[in-house]
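Each remark here refers to the structure printed beneath this line.
The first residue in the sequence is number 1, and the count goes up from there.
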Amino acid sequence: MADTEQNNSTDAVATAPTGVKKRLPLIAAIVAGLAVGAGTGAVVVGPAAAKALGFGVEAPADSTVESEHGDADSLASAGSPPAVLTLDNLVLNPAASGGSRFLLLTVAMECGDAAALSKLQSRDAELRDVVLSTLSRKTVDELADVAQREGIKSELQTALNDRFGKKSVIRVYFPQYVVQ
């Protein structure tokens with residue numbers, strides 16, 4: 001009698017994993033798919049995206065880059081990044097919004113040289129005032145229109161260079177730009 005009970009429990013144990021055994025190919029396929037996807041992303045998509053965004057690409061020491069306005073700006077030697085100053089999380093109310101709408105943005109400015117960067121850093125309050133006053137003259141429709149974004153950058157660059165000296169800022173970027 002004890003032998004039959006032992007055989008019955010052994011049969012129950014042997015049949016229990018059959019549900020798991022039936023799902024094993026599906027689980028293996030999912031794991032393999034995830035591994036292939038991650039590998040493809042790391043080997044193919046990642047470097048292609050980095051190259052498209054300009055990361056990891058060093059310019060030769062004697063190269064020049066033409067700015068958006070057509071004048072050639074010499075870059076520092078290869079390996080040294082351009083001087084960039086970032087103003088994070090600026091909040092302003094657009095013109096004619098009655099205070100009910102706002103723009104949250106981060107502005108990154110590529111400076112002409114280290115002296116220009118130092119000048120902008122030392123005059124932080126004035127720099128923020130120029131950015132905020134220039135952009136707060138725009139309406140919500142102007143700020144929200146993606147087609148006008150390059151024009152807004154150009155206008156801001158001109159205002160900054162008028163205040164801080166020609167070629168102080170050679171490019172303006174908006175890493176964060178949210179109109180609410």
Side-chain angles (χ1 to χ4, degrees), residues 41-180:
V43 174
V44 177
V45 177
K51 183 177 179 183
L53 294 174
F55 293 112
V57 178
E58 294 183 6
D62 62 339
S63 73
T64 59
V65 174
E66 195 164 314
S67 75
E68 297 167 0
H69 301 291
D71 49 342
D73 298 317
S74 282
L75 290 178
S77 65
S80 65
V84 176
L85 177 63
T86 303
L87 299 177
D88 289 316
N89 299 325
L90 297 172
V91 179
L92 65 97
N93 294 108
S97 68
S100 63
R101 306 287 299 271
F102 65 89
L103 170 66
L104 169 68
L105 79 151
T106 296
V107 179
M109 293 151 286
E110 186 176 334
C111 301
D113 56 19
L117 176 66
S118 178
K119 182 195 303 185
L120 292 174
Q121 287 173 330
S122 68
R123 295 167 66 183
D124 183 66
E126 190 177 358
L127 175 65
R128 289 172 185 271
D129 181 63
V130 171
V131 171
L132 293 174
S133 62
T134 301
L135 295 177
S136 63
R137 284 186 229 127
K138 303 286 182 194
T139 65
V140 173
D141 291 337
E142 290 172 321
L143 293 170
D145 187 4
V146 177
Q148 292 190 32
R149 195 82 37 95
E150 290 303 315
I152 292 171
K153 288 179 186 179
S154 179
E155 183 178 340
L156 184 57
Q157 179 182 349
T158 301
L160 291 166
N161 284 331
D162 288 347
R163 177 71 62 94
F164 297 103
K166 189 173 180 146
K167 300 230 183 215
S168 291
V169 176
I170 56 174
R171 285 187 190 80
V172 174
Y173 304 100
F174 294 142
Q176 178 185 26
Y177 193 95
V178 179
V179 179
Q180 191 65 25

Under 3.5 Å, which donor-acceptor pairs do the side chains of residues 87-97 form with other protein atoms, sequence neighbours left out?
residue: Asn93; atom: ND2; partner: Arg101; partner atom: O; Å: 2.8
residue: Ser97; atom: OG; partner: Pro94; partner atom: O; Å: 2.8
residue: Ser97; atom: OG; partner: Gly99; partner atom: N; Å: 3.4

Can you name the nearest heavy-atom pair linking Ala108 to Thr86, along with the distance? CB-OG1, 4.0 Å
At their closest point, which heavy atom of Glu126 faces which heavy atom of Arg163, and how far apart are they? OE2-CD, 3.0 Å
Quick check: do Val131 and Leu160 have side-chain heavy atoms less than 4.5 Å from each other? yes
Starting at OG of Ser100, measure out to CD of Gln180 and round the result to the nearest 0.5 Å. 11.0 Å
Sorted by chain and residue number, the salt bridge (charged side-chain N to carboxylate O under 4.0 Å, His left out) partners of Arg149 (sequence neighbours excluded) come out as none
Nearest 0.5 Å please: distance from the CZ atom of Arg128 over to the CG atom of Leu120. 12.0 Å
If you measure from OG on Ser168 to CG on Asp113, what distance do you get to the nearest 0.5 Å? 8.0 Å
Shortest non-hydrogen separation from Ala116 to Cys111 and the atoms involved: CB-CB, 4.2 Å
Atom pair NZ (Lys153) and OG1 (Thr158), whose distance is rounded to the nearest 0.5 Å: 14.0 Å
Output yes when a side-chain donor or acceptor of Thr134 lies under 3.5 Å from a complementary backbone atom of Val130, and no otherwise. yes
Given Leu104, Leu143, Val146, the one that forms side-chain contact (heavy atoms from CB on, under 4.5 Å) with Tyr177: Leu143
Would you say that Val169 contacts Phe164 through its side chain, given a criterion of any heavy-atom pair below 4.5 Å between the two side chains? no
Contacts of Asp141 that satisfy side-chain contact (heavy atoms from CB on, under 4.5 Å) - sequence neighbours left out: Thr139
Which atom of Lys138 lies closest to which atom of Glu142, heavy atoms considered: CA-OE1, 3.2 Å
Begin with the C-alpha distance, continue with both residues' side-chain angles, and end with the deciding distance and a verdict on side-chain contact (heavy atoms from CB on, under 4.5 Å) for Phe174 and Val107. CA-CA 5 Å; Phe174 294 142; Val107 179; 3.9 Å; yes
Atom pair CG/CG of Asp124 and Asp129 - distance to nearest 0.5 Å: 11.0 Å
Under 4.5 Å between any side-chain heavy atoms of Val84 and Tyr173, yes or no? no
